[in-house]
Amino acid sequence: MKKSLLSKLLRKNVSSMQLGGSAIANLIGLIIVGIALQFYLDLRPIFNDEESFVKSDYLVVTRKVTGMDALMGGSEISEAEVADIEAQPWVRRVGRFTASDYEVRAAVALGSSGAAMTTQLFFESIPAEFLDVNSAEWRFDESNPVIPVIVSKDYLSLYNFGFAAAQGMPKISEGMAGMIPLQFTISGNGLSQSFSGRIVGFSARVNTILVPEEFMHWSNSRFGSGSAAGASRLIVEVNAPGDIKIEQYIADHNFEVAGDKANSNKAGYLFTIAVSVVAAVGVLISLLSFFVLILSIMLLLQKNTKKLQDLLQLGYTPMQVSGYYIRLVLRVNDAVLILALVLIFVARLIYLPMLEPLGIEAASTALTIVAVIGLVALITIGNAVAIMRHVNKLWRLHE
């Protein structure tokens, strides 16, 4: 009865319009935050897929070849330049391409007739941690010299849809290519030796023909000229794909990025910025709603100052007096939370069918739910603390 009487006394002067305005602002902010976060989570597989058009954690950097470089042979990247790139804040790590320093000929047997198709090739190697192909055969043993090779996926496409189509030859899948026996003949330094080889994978990250680093070092020391050369190319893992600072650095130092990675990087970078800005706007609106609700409650408490002082003099504790307003805030924020989550999931049901052509599987909603609940909890706690501080201030004045 005492509690009911207290509620009736404090309910007067409560402005439904002020509470409703604050609730609507909070609702809009939570919806913006929730949709932005969930949209990013649903699209994140595109950014993690190595074959995605916006996947761009790795850049293949080369020196821009000028007419003088072509004549003088000065297109290598020096160790000092490598160290400078490694020191940049947007770089995670740098790997060096090592090129073969000898002549390579590859042969593929054509059926049982004994005829073979031969061509000149080149080899390059990079550290294994930069590979996007995981194969147990990626190793070289001098006692059993079989050369494992990783080939660019672009090369297979060129063969299937260019050479094979024009010559009436059968197309080859990745699995079939791995079954084709290869014969490599390496010549240099007055020596010549044949090796068996096979394709153990196809890379979407680098456009070259890769062999293990241990084989490259061994073969260059055996068949190469023995002269040390700088890195022919670099593979750079970046921590901020699409950052304008990367493009500026590349241009200022006369480098270039292989393929269209520099442009495709911008898609992921701009998407991340856009999502961050939208989420920041949502958080800002939620914070504004927090201050609007605080202002509404403070105005209400100010109007009821005399009434609150009388209640405190009658023996009501500050917790009993502030409890009504805290429960009011809880009810408003709980209703906003439930409605916000419902509308977020409705919006998600609308945009998910638009993402199906991209082959995207819906991500978990757990993080979004936790984030929205956490934001509402912070707003509610902030409101409760402000109310209690104001009532305690009146209590101290009463004492």
Worksheet item: Short question: side chain of D154, backbone of N207 - any donor-acceptor pair under 3.5 Å?
Response: no

Worksheet entry | Sub-6.0 Å ring centroid separation between Y155 and F202 | no

Worksheet item: For Q183 and S194, which heavy atoms make the closest approach, and how far apart are they?
Response: NE2-CB, 3.5 Å

Discussion item. When you compare the side chains of D42 and Q38, does any donor N or O come within less than 3.5 Å of an acceptor on the partner?
Written reply: yes

Worksheet entry | Under-4.0 Å salt bridge between R93 and E86 | no

Worksheet item: Is the closest basic N to carboxylate O distance between R63 and E81 below 4.0 Å?
Response: yes

Worksheet item: Should we count CG of N134 as having more than 12 external heavy atoms under 6.0 Å?
Response: no

Worksheet item: In Å and rounded to the nearest 0.5 Å, what is the CD1 to CG distance from I246 to L59?
Response: 6.0 Å

Discussion item. Please report the interatomic distance CZ(R105) to OG1(T119), rounded to the nearest 0.5 Å.
Written reply: 7.0 Å

Worksheet item: If we only count heavy atoms from C-beta on, is the S125 to F215 side-chain gap below 4.5 Å?
Response: no

Worksheet entry | From L337 atom CG to L30 atom CG, the distance as rounded to the nearest 0.5 Å | 7.5 Å

Worksheet entry | Residues E79 and R96 bridged, charged N to O under 4.0 Å | yes

Worksheet item: Can you check whether V372 reaches L341 side chain to side chain, under 4.5 Å on heavy atoms?
Response: yes

Discussion item. Using the rule given for side chain to side chain contact (heavy atoms under 4.5 Å, CB included), can you reason through I31 versus L339, listing the C-alpha separation, both sets of side-chain angles and the distance that settles it, and then say yes or no?
Written reply: CA-CA 9 Å; I31 290 174; L339 185 56; over 6 Å; no

Worksheet entry | Min side-chain heavy-atom separation V149-V200 under 4.5 Å | no

Worksheet item: Strictly by modelled atom types, are S187 and E103 linked by a side-chain donor-acceptor pair under 3.5 Å?
Response: no

Fill in: Side-chain heavy atoms of V61 within contact of R233, under 4.5 Å
no

Practice prompt. Compute both the distance and the angle, then confirm whether R92 meets the cation-pi test with Y58: under 6.0 Å from the six-membered ring centre, within 45 degrees of the axis.
Written response: no

Worksheet item: Given side chains that start at C-beta, do those of E213 and P127 come closer than 4.5 Å, heavy atoms only?
Response: yes

Discussion item. Is there a side-chain contact between V108 and L182 in this structure, where contact means two heavy atoms from C-beta onward sitting under 4.5 Å apart?
Written reply: yes

Item to complete: May I have the step-by-step check of side chain to side chain contact (heavy atoms under 4.5 Å, CB included) for F97 and T208, ending in yes or no?
Response: CA-CA 10 Å; F97 281 80; T208 188; 4.2 Å; yes

Item to complete: Run the numbers on V151 and S203 for side chain to side chain contact (heavy atoms under 4.5 Å, CB included), then give the verdict.
Response: CA-CA 6 Å; V151 180; S203 173; over 6 Å; no

Worksheet entry | Side-chain touch L131/R205, heavy atoms, less than 4.5 angstrom | no

Worksheet entry | Side chain N220, main chain D101, donor-acceptor under 3.5 Å | yes

Practice prompt. Could you tell me which non-hydrogen atom of V146 sits nearest to which non-hydrogen atom of G197, and how far apart they are?
Written response: CG1-CA, 4.2 Å

Item to complete: Could you point out which residue of F195, F122, F123, Y102 forms a ring-ring contact (aromatic ring centres under 6.0 Å, His included) with F184?
Response: F123

Practice prompt. Using atom types as modelled and distance alone, determine if a side-chain donor or acceptor of S157 lies under 3.5 Å from a backbone N or O of K153.
Written response: yes

Discussion item. Please verify the inter-ring angle class for W218 with F223; under 30° counts as parallel, over 60° as perpendicular, anything in between as tilted.
Written reply: perpendicular

